[in-house]
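Just so we're clear, the structure is a prediction, and the values are computed from it rather than from any experiment. The sequence lines fix the lettering, A, B, ..., with proteins before strands; numbering per chain opens at 1.
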Amino acid sequence: ILLMALQRAIINYFQILGAMESQVGGGPAGPALPNGPLLGTNGATDDSKTNLIVNYLPQNMTQDEFKSLFGSIGDIESCKLVRDKITGQSLGYGFVNYSDPNDADKAINTLNGLKLQTKTIKVSYARPSSASIRDANLYVSGLPKTMSQKEMEQLFSQYGRIITSRILVDQVTGVSRGVGFIRFDKRIEAEEAIKGLNGQKPLGAAEPITVKFANNPSQKTGQALLTHLYQSSARRYAGPLHHQTQRFRLDNLLNMAYGVKRFSPIAIDGMSGLAGVGLSGGAAGAGWCIFVYNLSPEADESVLWQLFGPFGAVTNVKVIRDFTTNKCKGFGFVTMTNYDEAAMAIASLNGYRLGERVLQVSFKTSKQHKA
DNA sequence: TATAATT
C-alpha cells in the first residue's frame with residue numbers, strides 16, 4: 001500500500017514539476033539567427049568565437065539560473081540548458097552564444113572552474129556541431145591502480161585528439177578504482193583506440209585493459225530515478241504555499257520509504273516566523289533575497305557567484321555600482337531559491353573574511369540600504 | 001564496471 005501511495009505521489013509530483021517548469025522555466029532560447037558580420041563566404045554562420053559549451057552543471061540548475069550566470073558577463077545572443085526530451089531532466093550541460101567574442105573569452109576566463117554545489121563547471125568553446133563528434137566517449141576498465149590520468153592520456157593520445165579524460169577514484173581514500181573515461185574529438189578516433197587497446201596490457205601492467213564505447217549516462221534504474229527524485233524534491237523552488245504542502249507530503253512519503261529525514265527543523269519551523277523577510281517574487285523569479293555588505297570597490301558578479309554558488313541554487317546576483325565610476329558601492333544582493341540553502345549560506349558567509357574585509361551577510365530587509 | 005560533451 002505504501003509503495004502504491006508512493007507511486008501515485010511520484011506521478012502527481014512530476015505533473016506538478018511540469019506545471020512549475022512551464023511557469024518558472026522561461027523555456028529554451030530559440031535558435032540563433034544568422035548575424036550579419038558572422039556570415040561566412042559559404043553563407044554558414046561562424047559562431048566559433050562566440051559559442052560556448054558548459055559542462056558539469058549541477059543537476060538542479062534551471063534555464064533561468066543558467067542564463068543569469070552567463071548573462072552576468074555580457075549580452076547573450078542565445079543560450080540553452082540541454083534537457084532530456086522525455087523526462088525534462090537537465091543533462092548537465094548547455095550552450096551560450098554571446099553577441100561579442102570578447103564576452104565569450106571573458107566567460108571562459110572568469111567562469112571556467114567555478115564551483116557550484118558539488119560540481120566544478122567547465123566552460124569552453126563549442127566545436128561545430130557534427131555527427132562525426134558524437135558517441136566518441138570510451139569506458140576503460142582494468143587500468144593499473146597506479147596509472148595517472150596523464151599516463152592514461154598518453155596511452156590513448158596516439159589514436160587522436162582527446163577532449164576529456166577522467167579516472168574514477170574511491171571517494172574516501174582517493175585511490176584509483178581502475179576505471180576511467182576518454183572522450184575523443186572524433187568517433188573514428190575512438191573506434192581506432194578500441195581496436196588498438198582493448199584487451200592489451202599497458203607497458204608494465206599485469207592485466208589487460210577493456211576499452212569500449214561508454215553507455216549513455218541518461219539511462220537510469222528505477223531505484224536511481226527514485227533516489228534522484230528524492231534528492232531533487234528538497235532543492236526545488238520555494239514557491240507558493242500550496243506547493244510547499246505538496247512538497248512536504250511527498251517528502252514524508254519518501255521519508256517513510258527510505259527511513260531518512262530530509263528537512264531540518266529550522267526549514268519547517270522557520271517558515272512561519274519569516275513573513276516579509278527576504279522572500280521575493282517578481283521577474284527574476286521567486287526566491288530568498290540576501291544582502292551582502294562590505295564588498296570591495298573592485299567586486300563583480302563573479303565574486304558573488306563564487307561565494308554563494310556552492311551552497312545551492314542561486315537565481316540571481318547583483319553588485320550595486322556607482323553610476324559614474326562604475327565601482328561597487330560596497331554591497332550587493334543574491335537571490336537563492338531554497339530557504340535552507342540560503343540560511344546555510346548566510347550562516348557560513350556572515351563574518352567571512354574576503355581579502356581585508358569582513359562580510360556582513362543577512363536576509364534582505366526593507367530598510368537595510370540606508371545603513 | 002559507469003560520468004551527465006554537441007543544441
Side-chain angles (χ1 to χ4, degrees), chain A residues 27-34 44-45 47-48 50-63 66-67 70 76-98 104 108 112 116-145 147 149 152 160-171 175-187 189-190 194 198-199 207-221 223-225 227-228 231-232:
Chain A
L33 293 170
T45 56
D47 54 9
S48 63
T50 58
N51 195 29
L52 304 180
I53 184 165
V54 185
N55 292 294
Y56 312 114
L57 292 166
Q59 168 58 228
N60 55 32
M61 180 173 248
T62 65
Q63 166 79 20
F66 183 59
K67 185 171 186 180
F70 285 88
I76 290 174
E77 178 74 23
S78 63
C79 75
K80 182 175 188 178
L81 176 68
V82 179
R83 292 180 179 279
D84 184 286
K85 284 187 185 68
I86 297 161
T87 66
Q89 294 287 339
S90 165
L91 295 183
Y93 65 93
F95 297 89
V96 181
N97 197 9
Y98 283 99
I108 291 173
N112 184 42
L116 292 176
Q117 298 167 236
T118 62
K119 303 287 186 180
T120 302
I121 71 170
K122 180 176 176 184
V123 185
S124 54
Y125 289 110
R127 292 169 288 160
S129 185
S130 143
S132 65
I133 67 171
R134 294 184 58 176
D135 302 315
N137 197 23
L138 296 180
Y139 173 75
V140 188
S141 59
L143 292 165
K145 300 280 199 285
M147 183 180 272
Q149 182 183 4
M152 182 175 71
R161 177 185 166 206
I162 294 169
I163 300 299
T164 55
S165 71
R166 171 168 298 180
I167 288 180
L168 302 186
V169 298
D170 184 285
Q171 291 201 349
V175 69
S176 166
R177 294 164 64 186
V179 304
F181 293 88
I182 295 271
R183 179 178 298 278
F184 280 101
D185 182 38
K186 295 286 192 291
R187 179 173 173 98
E189 297 167 342
I194 292 174
N198 183 39
E207 299 298 325
I209 61 173
T210 301
V211 184
K212 54 194 195 181
F213 282 109
N215 292 337
N216 192 317
S218 64
Q219 281 99 348
K220 281 188 175 165
T221 65
Q223 176 67 266
L225 229 171
T227 304
H228 180 259
Q231 286 168 346
S232 60

Is it the case that the ring center of A/Phe181 lies less than 6.0 angstrom away from the ring center of A/Tyr139?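 Judged by ring-centre distance (under 6.0 Å), A/Tyr139 and A/Phe181 do meet the cut-off.
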
So which nucleotide from B/dT6, B/dT3, B/dA4 ends up closest to the side chain of A/Arg127?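 Given the options B/dT6, B/dT3, B/dA4, the side chain of A/Arg127 is closest to B/dT6.
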
Quick one: [X] [atom1] to [N] [atom2], roughly how many Å, whole number?
| X | N | atom1 | atom2 | result |
| --- | --- | --- | --- | --- |
| A/Phe95 | B/dA4 | CZ | P | 16 Å |
| A/Gln171 | B/dT3 | CD | C1' | 12 Å |
| A/Ile121 | B/dT3 | CD1 | P | 21 Å |
| A/Asp170 | B/dT3 | CG | P | 14 Å |
| A/Arg161 | B/dT6 | CZ | C1' | 13 Å |
| A/Ile162 | B/dT3 | CD1 | P | 20 Å |
| A/Asp135 | B/dA2 | CG | P | 21 Å |
| A/Lys186 | B/dT6 | NZ | C1' | 12 Å |

How long is the straight-line distance from NZ of A/Lys145 back to OG of A/Ser176, given to the nearest 0.5 Å?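 Reported to 0.5 Å precision, the distance equals 6.5 Å.
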
Have a look at [X] and say if it touches a base, only the backbone sugar-phosphate, or nothing, with a 4.0 Å heavy-atom cut-off.
| X | result |
| --- | --- |
| A/Lys212 | base |
| A/Arg134 | sugar-phosphate |
| A/Arg166 | sugar-phosphate |
| A/Asn51 | base |
| A/Leu168 | sugar-phosphate |

Is it true that the NZ or CZ of A/Arg183 lies under 6.0 Å from the centre of A/Phe213's six-membered ring and within 45 degrees of the ring axis? no

Using atom types as modelled and distance alone, determine if a side-chain donor or acceptor of A/Tyr98 lies under 3.5 Å from a backbone N or O of A/Phe70. yes

Among residues at least two apart in sequence or on other chains, which ones pass side chain to side chain contact (heavy atoms under 4.5 Å, CB included) with A/Ile133? A/Arg127, A/Asp185, A/Lys186

Go through the structure and list residues passing side chain to side chain contact (heavy atoms under 4.5 Å, CB included) with A/Val82, not counting sequence neighbours. A/Leu91, A/Tyr93, A/Phe95

Classify the side chain of A/Gln89 and the base of B/dA4 as holding, or not holding, a donor-acceptor pair under 3.5 Å. no

Answer yes or no: side-chain N or O of A/Asn215 and base N or O of B/dA2 forming a donor-acceptor pair under 3.5 Å. yes

Would you say [N] has OP1 or OP2 under 4.0 Å from some side-chain N or O of [X]?
| X | N | value |
| --- | --- | --- |
| A/Ser129 | B/dT7 | yes |
| A/Arg83 | B/dT7 | no |
| A/Lys119 | B/dA4 | yes |

Which sits closer to the 5' end of DNA chain B, A/Leu57 or A/Val82, going by the nucleotide each is nearest to?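 Looking at the nearest nucleotide for each, A/Leu57 comes out on the 5' side.
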
State whether the aromatic ring of A/Tyr93 stacks on the base of B/dA4, taking stacking to mean ring centres under 5.5 Å apart and ring planes under 30° to each other.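 By the stated criterion, A/Tyr93 and B/dA4 do not stack.
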
